[in-house]
Amino acid sequence: MSDREIDLQLVERVRQGDQRAFGILVEKYQRKLIRLLSRMVRDQHEIEDIAQEAFIKAYRALPQFRGDAAFYTWLYRIAVNTAKNYLSSRGRAMQTVSDQAMNDDDEPDERLVAQEIGNPETELLSKQVAIAINQAVDDLPEELRQAITLREIEGLSYEEIAETMACPIGTVRSRIFRAREAISAKLRPILGTPEDRRW
Amino acid sequence: MTLHALTQQTMQPQAEPEDLQGQTLSALIDGELSDDMAQRSIKQLGQSAGERARIAEYLAIGDALRGLNAQPSDFTRRVMAALENEPVVLAPVPKASNRRPALWLAAATMAAITWGLWQSGPRDDVNVPLAALQQPASQSVEAQPYLAAHQDFAQAVISAPEMHFSKASLEVRQ
């Protein structure tokens, strides 16, 4: 089942009354959405407020979502309109033209992202987490590091990774899982999360 | 045991049940599960806070590696808290999760099409069951919701393979 189909399945679960399925969609797309909104709005608190409102509007509009576009594309359009309305109600213009963030296929272009603007504390913690994650990846055994990098950064499928690494797909699945668990374990002390809890 | 089989066994150590569950979640977010397994996993996520937390961590790790802010926040919690005041979204949709319709659905569609042809006028070349021919005109009113419902299913069968999420329509088309 593809990523897009998973989103459609989650939407279907929400429509069957499972609100928690929407939480997974929020978890999946919040960072991406916030980063793209930061191109339009300067203030970090406002960005998060707009992102929250966008998710709530998306939730309300789920009965109208037909799956013609990818869920994230649909969500992004809601977020852009929310940002425009939010700012115009305060007599302000967008920081940049939101259309620039869309590519020729009218999809949000991941390459057109701005620097995140936040307060010094949050920026410091973000940097610490990013450094810690990259350090944790560097500390992984070679085969785990290669697998997680090919998956998360290069975006290869398991089949492609298996071909690249000359190993079975089951091994790829296991390595990626073990890499994720190892990184999570390394981050817990930094985030102050107890050993038996998740972040 | 051949060397190849031994190598395979070594490369794929038997995982503990909890690790298998973790592997399943890990594969889920990568879009690498079969449709059945993915649907089961997604359904289970609604019942397990631990699994949702694990998924959240994996997603954050991926975002961080791609340069997005992975700083844990309570953003999701705030959104979900806001949604607690929202009515639960319920949208009746036809179950069209399988791309190939079940045999009964195809039979129902054919029955609907045959009924529609019969309704449009008597035709000698249409093989209509005698019982249907003998039905008085007054019963056509009762049959209309049945026909309309199956027209919707017929639309789902004939239309593009993607799942449609529009509300099921029971309008009677004149």
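Each chain gets a letter, A, B and so on, in the order the sequences are listed, and its residues count up from 1. Only a predicted model underlies this, so the values are computations on that prediction, with no experimental measurement involved.
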Exercise. So which part of A:A136 gets closer than 4.5 Å to some heavy atom of chain B, the side chain, the backbone, both or neither?
Worked result: neither

Problem set entry | Side-chain touch A:M40/A:L37, heavy atoms, less than 4.5 angstrom | yes

Seminar exercise, completed: The interface call for B:L28 against chain A, heavy-atom contacts under 4.5 Å, is both

Seminar exercise, completed: Of A:E143, A:E53, A:R60, A:K28, the largest count of non-hydrogen pairs under 4.5 angstrom with chain B goes to A:R60

Exercise. How about A:K57: does its NZ atom have over 12 heavy atoms from other parts shown lying under 6.0 Å from it?
Worked result: yes

Problem set entry | Which of B:G50, B:S41, B:A27 touches chain A most, by non-hydrogen pairs under 4.5 Å | B:A27

Seminar exercise, completed: Heaviest contributor of heavy-atom pairs below 4.5 Å to chain A, chosen from B:A56, B:A49, B:S34, is B:A56

Exercise. What part of B:L83 lies closer than 4.5 angstrom to a heavy atom of chain A: side chain, backbone, both or neither?
Worked result: both

Exercise. Which residue pairs pass the side-chain hydrogen bond (donor to acceptor under 3.5 Å, both in side chains) test when at least one of the two sits in residues 159-168 of chain A, sequence neighbours left out?
Worked result: A:S157-A:E160

Seminar exercise, completed: residues 146-155 of chain A vs side-chain hydrogen bond (donor to acceptor under 3.5 Å, both in side chains), sequence neighbours excluded, gives A:R151-B:D30, A:E152-A:R180, A:E152-B:R66

Problem set entry | Flag for A:Q52-A:E48: side-chain donor and acceptor within less than 3.5 Å | no

Seminar exercise, completed: Honestly, the part of A:Y158 sitting under 4.5 Å from a heavy atom of chain B is both

